[in-house]
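As the structure lists them, so they are numbered: ligands from 1, and atoms in each ligand from 1. In this text the structure is predicted, and so the values were computed from the model without any measurement.
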Amino acid sequence: MSFTLPALPYDYNALEPFIDEQTMRIHHTAHHQAYVNNLNAALDKHPENKEKDLKELLQNLDKLPSDIKGAVRNNGGGHFNHDFFWKVLAPAESTSLSSELENPLKENFGSVDAFKEEFEKAALGRFGSGWAWLVKKADGSLKIESTPNQDNYLMSAETANDTPILGLDVWEHAYYLKYQNKRGEYAKAFWNVVNWDKVRELGGF
Ligand code: MN
């Protein structure tokens, strides 16, 4: 089995003006495609691993041959994270924050604004490339986390049972064409194109 690039669930221009068409096109067809291609190329070197699904691969990086461990971590993580990211985005005003999700956000962070502030802080505070996440922990609480590069919750035994319900790509390739060095503006604009229905569904709210 080889991994393939999933189609976007909306057009490349669907997130305008908050995330521009050119960024979306390059992000999907070049960056995400490269993670898929490089993941497949790594697994071709040790085809016995091609039967495993992506979660299994990322949860067991230590069991992989040392010559592909780094490539699977970076590119398998990249494929997994982007597949997730496209699903938690949606055209502006196509979804809204319902009380089913608003209530747990208030319970865990005090208010929706406080939640957004903390999430933006995680996005801005990630030095270099990585991700900000809203995670439903195994105990049901909501936490904001951040990972470097293309790492994610599956790669650590401590977080492997968590459920990420929202993620923001803070690699420069995700925003530089429109926002240049202003990552904070990109993180604020992101709220306009969050797929709140998907976030609620992922959280089981
Ligand atoms: Mn990306």
How about CD on Glu158, more than 12 heavy atoms from neighbouring residues, nucleotides or ligands closer than 6.0 Å, or not?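 No, because the 6.0 Å sphere around CD of Glu158 holds 12 heavy atoms or fewer from other groups.
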
Looking at His82, pick out the N, O or S atom nearest to the Mn ion (ligand 1) and give its name. NE2

If we count only N and O atoms by modelled type, under 3.5 Å, do the side chains of His32 and Asp83 hold a donor and an acceptor together? no

Quick one: do the Lys106 and Asn103 side chains pair a donor with an acceptor below 3.5 Å?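 Side-chain D/A pair, Lys106 to Asn103: absent.
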
Under 6.0 Å between ring centres, would you say that holds for Trp191 and Phe115?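 So the answer is yes for these two rings.
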
From His173, does some N, O or S atom reach closer than 2.8 Å to the Mn ion (ligand 1)?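 It does; at least one qualifying atom falls short of 2.8 Å.
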
Could you tell me the angle subtended at the Mn ion (ligand 1) by OD2 of Asp169 and NE2 of His27, rounded to 10°?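 So the angle at the metal works out to 90°.
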
